[in-house]
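Being a predicted model, the structure only gives us computed values, none of them experimental. Order of the sequence lines fixes the chain letters, A, B, ..., with proteins taken first and strands second; residue numbering starts at 1 for each chain.
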Number of protein chains: 2
Amino acid sequence: MSDQLSESVVASWARLARVSQGVLAAVEADLKTAGQPPLTWYDALLELKRVGEDGLRPAELQARMLLAQYNLSRLLVRLEQAGYVVRRPCPEDGRGQIVTITGAGRRLLPRMWRVYHSAIRAHFADKLTVAEAKTLGDLLGKITPG
Amino acid sequence: MSDQLSESVVASWARLARVSQGVLAAVEADLKTAGQPPLTWYDALLELKRVGEDGLRPAELQARMLLAQYNLSRLLVRLEQAGYVVRRPCPEDGRGQIVTITGAGRRLLPRMWRVYHSAIRAHFADKLTVAEAKTLGDLLGKITPG
DNA sequence: AGCGGATTAATGCATTTGCATCAAGATTGA
DNA sequence: TCAATCTTGATGCAAATGCATTAATCCGCT
């Protein structure tokens with residue numbers, strides 16, 4: 001192909017793109033079928049649950065989720081409308097706000113997880129041994145963008 | 001977490017989701033910065049180039065690309081408007097059509113590849129040895145949805 | 001031949017994303 | 001001190017995606 005990337009590396013790249021996209025889509029589809037919100041909601045709420053009462057600044061959450069700023073802004077609107085988070089003004093920074101998970105948000109997590117974990121199993125975990133999954137995770141860890 | 005998935009498998013899953021999303025986004029961003037069309041265009045045109053003059057039925061292309069039917073339908077509209085493919089009626093099937101890459105489409109591929117391959121290198125290949133990339137590809141191969 | 005069901009591709013409408021920009025508040029530095 | 005700059009988060013508008021449905025055609029069966 002007149003470049004310095006070996007064929008096999010390009011093939012691995014292509015697989016990463018294709019497989020991850022396919023599996024993600026399959027998991028999302030399972031969630032949707034079960035009447036659950038999209039994965040992004042889970043990710044956001046999980047982060048917020050982890051930090052507890054202190055909550056998070058949107059920019060912080062955005063950084064952890066690798067999400068575009070305007071996407072996070074709108075995700076928060078939806079989460080708030082759904083009653084899963086609250087936003088309050090940030091005392092130290094007049095521009096900012098602090099986002100906290102609500103009780104309803106906490107209760108959503110296990111409900112989503114029930115669907116989510118079996119989707120992970122069906123579309124991902126069942127196809128690998130634990131050792132393989134670990135190797136995969138380690139390799140992926142090396143290519144983390146951050 | 002009160003389920004049968006081991007922590008490490010869930011962690012690998014999370015990495016797959018996060019890393020692939022991040023890297024894909026980075027590559028897309030590089031393409032956009034260089035004024036090139038999105039990755040999907042490349043994938044579609046590459047498939048069409050491979051099959052040559054015979055072209056492909058949309059349903060066939062859709063299956064190869066793991067794309068929703070309506071998404072492919074609209075992708076083809078855009079590609080045709082841009083002059084990179086042509087659609088002609090299918091002689092054996094009155095419902096169908098045959099999609100073929102044009103000369104302009106063929107010329108687009110190397111132009112995109114110039115940006116694409118260096119994005120792959122920067123965001124993916126440079127972070128792994130060839131052996132690691134191969135292992136990664138093999139592992140991903142085991143979880144192919146299709 | 002002709003009906004019932006499946007397949008192919010498109011499309012109207014709602015939601016989501018992307019892009020560019022903006023307003024408000026913080027921070028820096030002369 | 002206060003203007004210039006940066007950061008934070010929102011938003012108008014355009015493009016893309018998802019969903020449900022549709023029209024046309026094909027196929028299997030009687």
Side-chain angles (χ1 to χ4, degrees), chain A residues 21-22 24-44 47-48 55-82 84-100, chain B residues 21-22 24-44 47-48 55-82 84-100:
Chain A
Q21 185 244 48
L24 260 301
V27 171
E28 285 281 12
D30 284 5
L31 281 169
K32 188 160 307 181
T33 299
Q36 298 291 331
L39 256 181
T40 328
W41 291 36
Y42 189 87
D43 293 341
E47 291 292 345
L48 290 172
L56 276 180
R57 301 284 300 267
E60 181 56 31
L61 189 51
Q62 175 199 337
R64 299 192 189 193
M65 296 182 63
L66 304 181
L67 215 59
Q69 183 270 320
Y70 49 83
N71 275 335
L72 180 69
S73 175
R74 277 150 172 168
L75 173 60
L76 289 177
V77 171
R78 286 171 221 140
L79 286 173
E80 183 169 54
Q81 274 172 357
Y84 297 134
V85 306
V86 287
R87 294 191 273 184
R88 58 186 152 86
C90 175
E92 297 119 25
D93 189 337
R95 299 162 298 182
Q97 49 193 245
I98 295 179
V99 183
T100 322
Chain B
Q21 185 245 48
L24 260 300
V27 170
E28 285 282 12
D30 285 5
L31 280 169
K32 187 161 306 182
T33 298
Q36 298 291 332
L39 256 182
T40 327
W41 290 38
Y42 189 88
D43 292 342
E47 291 292 344
L48 290 172
L56 276 179
R57 302 284 299 268
E60 180 56 32
L61 189 52
Q62 175 198 336
R64 298 192 192 193
M65 295 183 63
L66 304 182
L67 215 59
Q69 183 269 321
Y70 50 81
N71 274 336
L72 180 69
S73 175
R74 279 153 172 167
L75 173 60
L76 288 177
V77 171
R78 284 170 226 144
L79 286 172
E80 184 168 54
Q81 275 173 354
Y84 297 134
V85 306
V86 288
R87 294 191 274 185
R88 57 186 153 85
C90 175
E92 298 119 25
D93 189 336
R95 299 163 297 183
Q97 49 192 243
I98 295 180
V99 184
T100 321

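The nearest pair of heavy atoms linking Leu61(B) to Ala44(B) is CD1-O, 4.3 Å.
Contacts between chain B and DNA chain D, taken as any atom within less than 4.0 angstrom of a protein heavy atom, begin and end at dA16(D) to dC26(D).
Rounded to whole Å, atom P of dA14(C) lies 17 Å from atom CZ of Arg78(A). At whole-Å resolution of the value, CG in Leu75(A) and P in dT16(C) are 10 Å apart. In this structure, CG of Leu39(B) is placed 13 Å from P of dG18(C), rounded to the nearest angstrom.
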Result block: side-chain N/O donor-acceptor pairs under 3.5 angstrom for residues 88-95 of chain A, not counting sequence neighbours:
unit_1, atom_1, unit_2, atom_2, d
Arg88(A), NH2, Glu53(A), O, 3.4
Asp93(A), OD1, Arg95(A), N, 3.0
Asp93(A), OD1, Arg95(A), NE, 3.0
Asp93(A), OD2, Arg57(A), NH2, 3.3
Asp93(A), OD2, Arg95(A), NH2, 2.7

Could you give the side-chain donor-acceptor pairs of residues 65-76 of chain B under 3.5 Å, partners two or more places apart or in another chain?
none

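Taking the salt bridge (Lys or Arg N to Asp or Glu O under 4.0 Å) definition, one finds that Arg87(B) meets it with Glu80(B), sequence neighbours left out. Considering only residues two or more places apart in sequence or on other chains, Ala82(A) meets the side-chain contact (heavy atoms from CB on, under 4.5 Å) condition with Trp41(A), Tyr84(A). Taking Gln36(A) as the reference, Leu31(A), Ala34(A), Leu108(A), Met112(A), Val115(A) meet the side-chain contact (heavy atoms from CB on, under 4.5 Å) condition, with sequence neighbours excluded.
Summarising the geometry, atom CD belonging to Glu60(B) is positioned 10.5 Å from atom CG belonging to Leu48(B); distances are rounded to the nearest 0.5 Å.
At dT16(C), none of the side-chain N or O atoms of Asn71(A) fall inside 4.0 Å of OP1 or OP2 (strictly under the cut-off). Distances shorter than 4.0 Å separate none of the side-chain N or O atoms of Lys32(B) from OP1 or OP2 on dG18(C).
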Could you write nucleotides 6-11 of chain C as a row of B, S and -, 5' to 3', where a protein heavy atom under 4.0 Å of any base atom gives B, of only sugar-phosphate atoms gives S, and otherwise -?
-BSBBB
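Note on residues 24-38 of chain B: no pairs pass salt bridge (Lys or Arg N to Asp or Glu O under 4.0 Å), not counting sequence neighbours.
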